[in-house]
There are 2 protein chains.
Amino acid sequence: MEGLPIHITINPELYTKNPESSDLGKKIVHTSIEMINDLGFESFTFRKLGVAIGSNESSIYRYFESKHALLVYLINWYWSWIEYKLVFATTNITSAKDRLNTAITLLTEEVKEDNSFTFINEVLLNKIIISESAKAYYTKDIDEENKKGFYKTYKRVVQRVSDMVLEINPKFEFPHMLISTVIEGAHHQRYFSQHLPSLTDVEEGKNNVVRFYTDLVQKTVV
Amino acid sequence: MEGLPIHITINPELYTKNPESSDLGKKIVHTSIEMINDLGFESFTFRKLGVAIGSNESSIYRYFESKHALLVYLINWYWSWIEYKLVFATTNITSAKDRLNTAITLLTEEVKEDNSFTFINEVLLNKIIISESAKAYYTKDIDEENKKGFYKTYKRVVQRVSDMVLEINPKFEFPHMLISTVIEGAHHQRYFSQHLPSLTDVEEGKNNVVRFYTDLVQKTVV
DNA sequence: TTTATTTAATAGTAATACTTTCATATCTTT
DNA sequence: AAAGATATGAAAGTATTACTATTAAATAAA
């Protein structure tokens with residue numbers, strides 16, 4: 001996938017000024033990913049980010065109106081990236097079952113190193129999605145933000161994979177529930193395996209998360 | 001279940017002073033449940049709670065050292081209550097399959113009115129579990145808190161139901177993953193159905209959440 | 001080179017999540 | 001009923017957060 005001239009476009013509603021339009025903007029995104037990982041979202045502040053990139057807090061606010069807005073931006077970037085990978089990985093697979101299997105694997109596997117995008121570290125971003133994204137959508141403003149399209153990319157991914165489910169079994173009643181359960185579930189399992197292992201059955205190097213969910217989907221969809 | 005002299009005991013590590021030991025303590029718990037529901041956890045403060053119950057912020061801190069600690073207390077109360085209901089509902093069911101089915105239903109159904117506990121509104125508490133509990137365990141302090149037993153009751157519920165899975169199929173590799181996926185999944189679905197409906201297939205009055213998960217478990221465990 | 005745009009520096013604000021101190025009320029024990 | 005202990009209240013204080021506003025300096029575009 002390296003070298004391909006892909007570019008991920010983000011809905012302009014998700015930023016005040018496009019961070020891709022300047023060095024400072026890219027540094028904001030790049031460094032915020034590292035810092036949110038290190039500190040956790042609640043301890044991460046624009047002031048600290050400013051110090052880290054040798055810039056000023058007020059300059060960061062010109063790109064994102066709040067740290068919540070930055071998190072929403074990152075989430076959307078992530079799901080656009082996953083959508084791209086998903087489409088890329090599943091086109092030209094003729095068997096519907098194989099296609100769904102590939103999709104579930106992609107959604108549940110660990111994200112390994114990636115070199116496609118210079119200013120975004122996808123491995124760290126995946127960790128943020130796992131441990132911080134609930135904080136973005138479990139707020140009182142969810143309905144308002146949803147109307148503005150803040151969660152569109154995520155919903156689009158769920159829709160695409162739900163469609164694959166329906167291709168296999170057009171009568172299956174709960175495709176969206178199944179896929180959102182798998183996505184959220186896999187993220188939880190990755191987190192639990194690190195911090196609350198008794199809630200999982202993850203074993204080192206056995207790929208249990210992927211095996212569990214691909215198996216679950218296969219058995220459920222029929 | 002009304003009238004039974006049950007009492008839920010909470011690990012003393014989870015409070016500074018036992019809220020059940022005084023009227024003020026009970027008022028704190030009772031009213032915080034209402035306020036967290038109304039305002040959301042981030043906008044809820046001990047100051048506002050103090051005003052609401054006609055008491056002082058500093059008095060509330062004598063019961064809980066932080067609002068995070070209060071949330072953890074509520075979560076533990078909830079899971080102790082669920083554990084009690086679970087044991088009550090599944091004893092004397094001889095068929096292992098029926099027992100598991102009953103358990104999954106209990107874990108995924110909507111919580112309706114309950115009158116057992118005067119100072120805790122279980123319907124509202126369930127809503128808090130759904131929309132706020134991720135905020136308790138997705139923190140940087142998770143490992144430390146887990147060591148102190150902050151999430152024991154939840155883990156015990158998962159263990160009990162996992163054991164039921166193993167009774168049906170002792171060779172099933174992923175009982176904990178299955179049950180934690182179902183519990184978290186059902187909560188997500190309830191939330192999504194209100195706020196991000198395109199991620200679900202919930203329809204009014206059709207009990208789809210329970211149907212989806214009981215079906216999923218049945219098909220997966222075999 | 002003038003003009004426009006971007007960034008930096010500084011200060012300020014209201015609110016949060018507490019902590020501290022001290023006074024007062026209430027309950028318990030004798 | 002008095003003395004002591006414990007629980008609660010009132011008030012003030014602190015460090016930090018999540019911004020906003022203003023103005024100046026640096027940089028880029030016409």
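Letters go in sequence order (proteins before strands), and every chain restarts at 1. Just so you know, these numbers come straight off a predicted model, no measurement behind them.
- Of the residues B:Phe41, B:Phe46, B:Tyr15, B:Tyr63, the one that meets the side-chain contact (heavy atoms from CB on, under 4.5 Å) test with B:Leu70 is B:Phe46.
- In this structure, B:Ser58 and A:Phe41 both approach DNA chain D, and ranking their closest nucleotides by distance from the 5' end singles out B:Ser58.
- Distances shorter than 4.0 Å separate none of the side-chain N or O atoms of B:Tyr61 from OP1 or OP2 on D:dT8.
- Phosphate contact (OP1/OP2 of C:dT7, side-chain N/O of A:Lys17, threshold under 4.0 Å): present.
- Nearer the 5' end of DNA chain D, as judged by each residue's closest nucleotide, is the contact made by A:Glu42, out of A:Arg62 and A:Glu42.
- In this structure the side chain of A:Val210 reaches within 4.5 angstrom of the side chain of A:Glu109, judged on heavy atoms.
- Judged purely by atom type and a 3.5 angstrom limit, B:Asn76 uses its side chain to pair as donor or acceptor with the backbone of B:Val72.
- Phosphate contact (OP1/OP2 of C:dT6, side-chain N/O of A:Tyr63, threshold under 4.0 Å): absent.
- In this structure, the NZ atom of A:Lys48 is 15 Å from the P atom of D:dC19, given to the nearest Å.
- Atom CD in A:Glu57 sits roughly 14 Å away from atom P in D:dT16 (whole-Å rounding).
- Nucleotide D:dA7 holds its P atom 17 Å from the NZ atom of B:Lys27, rounded to whole Å.
- Whole-Å rounding puts the A:Ile60 CD1 to C:dA9 P distance at 12 Å.
- Look at CG on B:Asp23: it is 10 Å from P on C:dC27, rounded to the nearest Å.
- The separation between B:Phe46 atom CZ and C:dA15 atom P is 20 Å, rounded to whole Å.
- Side-chain atoms of B:Arg47 lie closest to D:dG13 of the nucleotides D:dG13, C:dA8, D:dA18.
- Per the geometry, CD1 belonging to A:Ile53 stands 10 Å off P belonging to C:dT7, to the nearest Å.
- Closest to the side chain of B:Asn56, out of C:dA17, D:dG9, C:dG12, is D:dG9.
- Between A:Glu20 and A:Lys26 there is no salt bridge, since no side-chain N of the basic residue sits under 4.0 Å from a carboxylate O of the acidic one.
- Note on B:Ser55: every side-chain N or O is 4.0 Å or more away from OP1 and OP2 of D:dT8.
- C:dC27 atom P lies 13 Å from atom CG of B:Leu24, rounded to whole Å.
- In this structure, A:Ser22 reaches the C:dT7 phosphate: one of its side-chain N or O atoms is under 4.0 Å from OP1 or OP2.
- Relative ring orientation between B:Tyr137 and B:Tyr151 is described as perpendicular, the plane-to-plane angle rising above 60° on a 0-90° scale split at 30° and 60°.
- Here C:dT16 is the nucleotide among C:dT16, C:dT7, D:dT17 with the atom lying nearest to any side-chain atom of B:Thr45.
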